[in-house]
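The block underneath contains the structure these notes are about, expressed in structure tokens.
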Amino acid sequence: MTIYLGTPAEARYWCREQRKGGQSVGFVPTMGALHDGHRSLVERAVAENGTTCASIFVNPLQFNSREDLDKYPRSLEEDLAILDRVGCKMAFTGSLESFFPEAGDADRIPPVVPLPAIAGLEAAFRPGHMEGVQAIVERLFRTVGPCRAYFGEKDFQQSLLVRQIAAGMNTIEVVVCPTVRESGGLAMSSRNRRLDAAERELALALVRALRAAAGAWHGGQRDPERLEELMRGMLAVPGITTDYTAVRDPENWTAETPPGPLQKGRALVAAWVGGVRLIDNLDLDTAGTHSSTVRPAFRGE
Ligand code: AMP
């Protein structure tokens with residue numbers, strides 16, 4: 001059975017005991033409402049570590065809208081059953097105050113010193129979001145003291161940020177796992193639960209736009225502005241409101257569109273479908289080869 005602990009203090013103690021017993025600890029931070037994307041991270045952690053734990057914490061610091069926070073799906077019982085099935089030994093949560101006890105209350109949590117990956121895109125469209133991620137990930141890492149921590153490529157900018165956080169802590173290996181997609185290509189996300197059938201169909205425009213950019217890239221187009229325009233055009237349909245279409249050099253993150261031609265490219269999109277904000281991205285060099293994974297649904301297993 002997956003043990004469920006309600007405070008970071010208990011989780012810290014549990015993890016310390018595991019390490020004392022000589023176990024390497026794999027860690028998967030999540031906000032719950034688990035799907036096959038999360039499951040792939042946990043499975044990998046279980047395969048690569050002596051013991052694995054996950055956090056389930058809808059972090060208020062990374063929501064820039066109260067409504068979005070309130071509407072975020074929550075399904076603790078189902079989440080624990082999934083974690084149990086894949087061999088996760090412990091899951092924990094906590095209140096914001098329990099993660100930052102020194103602050104006294106949540107409004108007094110000191111601001112982080114922003115790392116370079118915080119620049120642009122998600123940071124520009126969701127003020128405070130990346131700082132909120134940085135604050136909680138640093139705290140989660142200190143709580144668990146993992147050997148390896150597993151994140152999804154689906155949140156590409158976040159994965160860069162997390163690598164930068166871990167680099168400053170020296171002892172944690174960050175493992176970034178491929179995006180798991182539904183059979184139609186839509187990147188799995190807890191937010192997909194809020195899409196109705198018509199919106200799900202519409203949401204496929206995101207992955208189509210990314211694939212079109214990859215097609216143009218393979219055809220020799222290396223100018224990020226042209227690729228961004230191409231994607232923007234494909235998302236210009238009723239029912240979709242685009243926050244950004246972007247191409248970045250993944251090894252040299254910039255807030256703004258870099259000057260072309262690029263040697264390496266990562267295409268990224270963020271768009272609203274109905275009232276749901278979705279993000280996705282693709283490695284332009286490897287798109288169509290190994291940058292995404294489609295997994296069978298696990299219902300009925
Ligand atoms: P979240 O619960 O949305 O904060 O996500 C927890 C972790 O799961 C993050 O590292 C995400 O990048 C990762 N993740 C979310 N969706 C997917 C997906 N479709 N495929 C792989 N990883 C994912």
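As a basis for the values below, the full set of heavy atoms in this structure was taken, side chains included, without hydrogen atoms, waters or symmetry mates. It should be emphasised that the depicted structure is a prediction, and the values quoted were computed from it without experimental measurement. As the structure lists them, so they are numbered: ligands from 1, and atoms in each ligand from 1.
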Write out all pairs satisfying salt bridge (charged side-chain N to carboxylate O under 4.0 Å, His left out) with one or both partners inside residues 124-147, taking only residues at least two apart or from two chains.
-> Asp68-Arg126, Glu102-Arg139
Distance filter under 4.0 Å, heavy atoms only, around ligand 1 gives Pro29, Thr30, Met31, His35, Gly37, His38, Leu41, Tyr72, Phe151, Gly152, Lys154, Asp155, Gln158, Pro178, Thr179, Val180, Met188
According to a 4.5 Å side-chain heavy-atom criterion applied to Ile, Leu, Val, Met, Phe, Trp and Tyr, with indirect links allowed, do Leu160 and Phe151 form part of one hydrophobic cluster?
-> no
So which pairs with a foot in residues 3-13 pass side-chain hydrogen bond (donor to acceptor under 3.5 Å, both in side chains), sequence neighbours left out?
-> Thr7-Glu10
Verify the neighbour count for atom CD of Glu17: are there more than 12 heavy atoms of other residues, nucleotides or ligands below 6.0 Å?
-> yes
What residue pairs, at least two apart or across chains, pass salt bridge (charged side-chain N to carboxylate O under 4.0 Å, His left out) with a residue in residues 214-224?
-> Asp223-Arg226
Using distance alone, with no hydrogens and no angle criterion, decide if Tyr244 and Glu228 have a side-chain donor and acceptor under 3.5 Å apart.
-> no
